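Here's the structure, in structure tokens; my notes come after.
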Amino acid sequence: MDQAHLLAAAGRVAARALARPRPVLRRAARLARELSGIALGRSTRAPAPNDRRFTDVAFRENAVYRRLMQSYLACGEALVGLPAELELDSKSQERGRLALSLLADAIAPTNTLLGNPAAVKRAFDTGGGSLLRGVRNLARDVVDNRGMPAQIARGAFRVGENLAVTPGQVVLRTEVLELLQYSPSTEAVYERPLLMVPPQINKYYVLDLAPNRSLVQYAVSKGFTVFVVSWRNPTPAQRDWGMETYVGALCGVVDAVCAITGSGRVNVLGACAGGITTAVLLGHLAARGDDRVAAATFPVTVLDTSATSPFSVHVTERTIASALARSRSKGVLSGREMSRAFAWLRPNDLVWNYWVNNYLMGQAPPSFDILSWNNDVTNLPAALHAEFLEMLLKNSLCQPGTLSVLGTPIDLTKVRSEVYAIGALTDHITPWQACYRTPRLFGGGRTFVESSSGHIQALVNPPGSERSAFLTSDTYEPDEAAWLKVARKHQGSWWDHWASWLAARSGEQREACATLGNDAYAPLGPAPGRYVHQHA
């Protein structure tokens with residue numbers, strides 16, 4: 001997804017509109033009638049309940065601002081709805097809708113000083129001081145953040161100080177990864193250890209974010225012996241690292257975890273892109289007749305790429321070739337490029353919100369642990385980027401034998417591990433309907449849970465929040481719509497439900513060991529290790 005393809009999508013809509021002017025004229029006539037009603041004060045149009053741009057009281061009580069808001073909403077709806085009336089194919093229609101929605105979001109009056117009553121009032125209250133600070137913030141972001149508004153205040157969070165602080169040790173370091181083992185916090189632990197595999201496109205510590213907001217800390221407190229992979233941040237020198245590199249490294253990790261704990265089997269958790277790698281690992285082990293993985297958890301992981309997602313509409317031979325050319329020329333797919341792409345999927349929340357805060361209001365960006373992690377970006381090696389895109393285009397994991405890794409064909413139906421998958425209701429990256437398809441690809445038991453939150457909030461979902469909820473069902477239905485009809489809602493976090501599920505698949509409890517590692521895997525230093533401090 002880049003500017004050229006978005007412009008091309010908008011161009012196709014424009015060309016189609018010129019070729020078929022009748023629906024455009026009808027839409028323009030409806031818009032003109034509505035704008036006339038707005039001008040006369042007869043409109044009841046209001047923003048969506050979750051649209052935070054127009055919460056200032058002036059948009060309700062000031063006649064000028066109310067008309068400005070209503071006119072913008074009417075024009076934006078007409079613009080974004082245009083591709084649906086032009087008889088375009090489904091992908092062209094969705095790409096056009098995205099391009100026009102980005103335009104509509106950009107021209108919102110709240111993104112301008114005079115169109116934002118809160119910014120006008122602040123400028124007046126501060127004697128113009130907010131505007132001066134806004135200019136300084138803009139200049140700083142142009143120099144330090146490539147023109148994107150900063151999402152976080154610098155220095156508020158530090159890895160190893162107030163992020164990623166669960167006690168543990170590095171017990172294995174290879175060229176590709178570090179393996180962290182965490183200190184037990186209970187007198188007894190389950191005999192079967194838990195290995196967590198994070199995505200390669202982010203730092204691992206989303207799983208160990210902050211005290212009382214850490215899935216690692218939570219799992220340790222429930223009596224699980226927890227190991228986590230911390231990937232090395234690749235540079236152009238590692239451009240040839242592909243799926244075989246990462247799966248081979250994970251095979252060594254499974255060996256180490258079994259050797260350290262004395263357990264013949266492990267449970268694994270693979271999140272997002274780490275879940276894709278974990279699925280390939282499971283397919284490879286199954287092809288070798290290796291059943292050491294007893295149960296697998298897949299939070300917000302899409303394996304069936306035929307499912308509709310925000311990225312699937314951009315998948316063509318041409319767009320993939322363009323993306324591959326960029327990463328191959330640099331040796332890596334830049335973490336900052338990925339971060340930009342994800343931000344523009346939700347521009348009002350992740351771009352224009354900070355534009356208003358930083359520049360129009362002249363305020364410092366907020367201090368928030370998730371945003372700090374999100375801005376601590378990593379690169380993808382060009383080879384792995386190419387393989388991910390090929391898997392996306394060919395839907396390889398749904399076609400047994402299409403993908404081969406380390407000399408073995410990958411057939412997920414041969415995997416007998418029990419699977420627990422989590423989707424997130426408001427996920428804009430891996431829609432829950434696509435995540436629902438993940439368990440059906442495997443040959444073992446299946447459990448699906450839907451969290452009420454978004455992509456990252458589904459991972460960082462500690463018990464205790466009144467807003468948290470999740471859905472479960474005793475059965476795994478043929479499709480997501482059927483499952484949703486029979487699912488039951490529970491208040492609280494899916495973490496508790498998952499811990500009970502995992503405990504039943506983790507064997508007996510035994511006395512916790514006071515030391516970490518063993519003679520063959522001696523501790524190399526405290527968690528969070530070295531690799532997490534590498535910057536893209």
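Everything numeric in this text was worked out from a predicted model, so none of it was measured.
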Ignoring hydrogens and angles, write down the donor-acceptor pairs under 3.5 Å from the side chains of residues 482-492, residues two or more places apart or on other chains.
residue : atom : partner : partner atom : Å
Arg488  : NH2  : Asp474  : OD1          : 3.4
His490  : NE2  : Thr472  : OG1          : 2.7
Gln491  : NE2  : Ser468  : O            : 3.4

*Closest approach of Pro236 to Val332 (non-hydrogen atoms, all atoms of both residues)*: N-CG1, 3.8 Å
_Return the CG to CD1 distance between Leu333 and Ile201, rounded to the nearest 0.5 Å._
9.0 Å
*asked:* Whether the Asn353 and Asn348 side chains hold a donor-acceptor pair (N or O, under 3.5 Å, no angle test) is what I'd like checked.
replied: no
*Would a 4.5 Å heavy-atom cut-off, applied to side chains only, mark Phe157 and Leu163 as touching?*
yes
*Going by atom types alone, do Ser92 and Asp89 pair a side-chain donor with an acceptor below 3.5 Å?*
yes
*asked:* Using the rule given for side-chain contact (heavy atoms from CB on, under 4.5 Å), can you reason through Leu397 versus Asp304, listing the C-alpha separation, both sets of side-chain angles and the distance that settles it, and then say yes or no?
replied: CA-CA 7 Å; Leu397 294 179; Asp304 181 352; over 6 Å; no
_Minimum side-chain heavy-atom gap Trp432-Phe448 below 4.5 Å_ = yes
_Is the distance from the ring center of Tyr246 to that of Trp231 below 6.0 Å?_
yes
Without placing hydrogens or testing angles, list every side-chain donor-acceptor pair under 3.5 Å for residues 497-504, not counting sequence neighbours.
residue : atom : partner : partner atom : Å
His497  : ND1  : Tyr420  : OH           : 2.9
Trp498  : NE1  : Thr297  : OG1          : 2.9
Ser500  : OG   : Asp496  : O            : 3.3

*Do any N or O atoms from the side chain of Lys203 and from the backbone of Gln534 form a donor-acceptor pair under 3.5 angstrom?*
yes
*Given side chains that start at C-beta, do those of Phe342 and Arg346 come closer than 4.5 Å, heavy atoms only?*
no
_Strictly distance-based, threshold 3.5 Å: is any side-chain N or O of Asn379 a donor or acceptor partner for the main-chain N or O of Gly335?_
yes
*Can you name the nearest heavy-atom pair linking Gln200 to Gly274, along with the distance?*
OE1-N, 4.1 Å
*Measuring from Asn395:CG to Leu303:CG, what's the distance to the nearest 0.5 Å?*
9.5 Å
*Does any N or O in the side chain of Arg446 come within less than 3.5 Å of the main-chain N or O of Glu418, such that one atom is a donor and the other an acceptor?*
no
*Answer yes or no: is there a side-chain heavy-atom contact under 4.5 Å between Cys258 and Ser263?*
no
*With under 30° as parallel and over 60° as perpendicular, where do the rings of Trp495 and Tyr218 fit, or are they tilted in between?*
tilted
_Could you go through Asp427 and Thr430, starting from their C-alpha distance and side-chain angles, then the distance that decides it, and tell me whether this counts as side chain to side chain donor-acceptor pair (under 3.5 Å)?_
CA-CA 6 Å; Asp427 194 333; Thr430 55; 2.6 Å; yes
_Reported CD-to-CG distance for the pair Glu390 and Leu324, which is rounded to 0.5 angstrom_ = 9.0 Å
*Would you please test Cys435 and Thr301 for side-chain contact (heavy atoms from CB on, under 4.5 Å) and show each step?*
CA-CA 6 Å; Cys435 294; Thr301 300; 5.7 Å; no
*May I ask you to decide whether Arg97 forms a salt bridge with Glu94, counting only side-chain N to carboxylate O separations under 4.0 Å?*
yes
_If I compare all heavy atoms of Trp344 with all of Val351, which pair ends up nearest, and what's the gap?_
CH2-CG1, 3.7 Å
_Polar side chain donor-acceptor pair, Gln151 to Asn375, under 3.5 angstrom_ = yes
*Worked check of ring pair (Phe, Tyr, Trp, His ring centres under 6.0 Å) between Phe298 and Phe442*: CA-CA 12 Å; Phe298 292 99; Phe442 297 92; 5.4 Å; yes
*With ring centroids as reference points, do Phe227 and Tyr182 lie under 6.0 angstrom apart?*
no
*Tell me, with the steps shown, if Met196 and Val229 meet side-chain contact (heavy atoms from CB on, under 4.5 Å).*
CA-CA 6 Å; Met196 296 186 179; Val229 167; over 6 Å; no
_pair Val228-Asp208: side-chain heavy atoms closer than 4.5 Å_ = no
*Could you go through the salt bridge (charged side-chain N to carboxylate O under 4.0 Å, His left out) check for Glu337 and Lys330 one step at a time?*
CA-CA 12 Å; Glu337 286 186 25; Lys330 298 177 182 178; 2.6 Å; yes
_When you measure from the side chain of Gln217 to the backbone of Pro211, do you find a donor-acceptor pair of N or O atoms at a distance under 3.5 Å?_
no
*For residues Trp373 and Leu209, determine if any side-chain heavy atom of one lies less than 4.5 Å from a side-chain heavy atom of the other.*
yes
*Do any N or O atoms from the side chain of Asp290 and from the backbone of Ala286 form a donor-acceptor pair under 3.5 angstrom?*
no
*Do you see a donor-acceptor pair shorter than 3.5 Å between the side chains of Thr378 and Asn233?*
no
*What distance do Leu282 atom CG and Asp411 atom CG have between them, rounded to the nearest 0.5 Å?*
12.5 Å
*Is there side-chain contact between Arg340 and Arg146, with heavy atoms separated by less than 4.5 Å?*
yes
*Is the shortest side-chain N to carboxylate O distance from Asp291 to Arg416 below 4.0 Å?*
no
_Atom CZ of residue position Arg530 - does it have more than 12 heavy atoms of other residues, nucleotides or ligands inside 6.0 Å?_
no
*What closest approach, in Å, do Leu459 and Pro299 show between heavy atoms, and which atom pair accounts for it?*
CD2-CB, 3.5 Å
*Where is the tightest heavy-atom contact between Leu516 and Pro184, given as atom of each residue plus distance?*
CD2-CD, 4.2 Å
*Look only at the side chain of Glu178 and the backbone of Tyr531, and say whether a donor-acceptor pair between them is shorter than 3.5 Å.*
yes
*Do side-chain atoms of Arg192 reach the backbone of Gly507 as a donor and acceptor pair under 3.5 angstrom?*
no
*asked:* Working to the nearest 0.5 angstrom, can you tell me the gap between Leu380 CG and Ser334 OG?
replied: 10.0 Å
*Any side-chain heavy-atom pair from Thr277 and Met243 closer than 4.5 angstrom?*
yes
*Kindly give the heavy-atom pair with the smallest separation between Lys394 and Gln399, and that separation in Å.*
O-NE2, 2.6 Å
*Dump the intermediate steps for side chain to side chain donor-acceptor pair (under 3.5 Å) on Arg239 and Ser327, then the final yes or no.*
CA-CA 9 Å; Arg239 66 173 60 237; Ser327 65; over 6 Å; no
*Spacing of OG belonging to Ser183 relative to CD belonging to Gln169, to within rounding of 0.5 Å*: 7.0 Å
*Short side-chain to backbone donor-acceptor contact, Trp494 and Val449, under 3.5 Å*: no
*Any side-chain donor-acceptor pair under 3.5 Å between Asp376 and Tyr205?*
yes
_Using a 3.5 Å distance criterion without hydrogens, assess whether the side chain of Gln238 forms a donor-acceptor pair with backbone atoms of Thr235._
yes
_Ala296 backbone acceptor or donor facing Ser417 side chain under 3.5 Å_ = no
*Under 3.5 Å, is there a donor-acceptor pair between the Asn267 and Ser506 side chains?*
yes
*In terms of side-chain heavy atoms, does Arg467 have a donor or acceptor partner in Ser452 at a distance below 3.5 Å?*
no
*Tell me, with the steps shown, if Arg510 and Thr261 meet side-chain contact (heavy atoms from CB on, under 4.5 Å).*
CA-CA 11 Å; Arg510 63 189 183 189; Thr261 61; 4.0 Å; yes
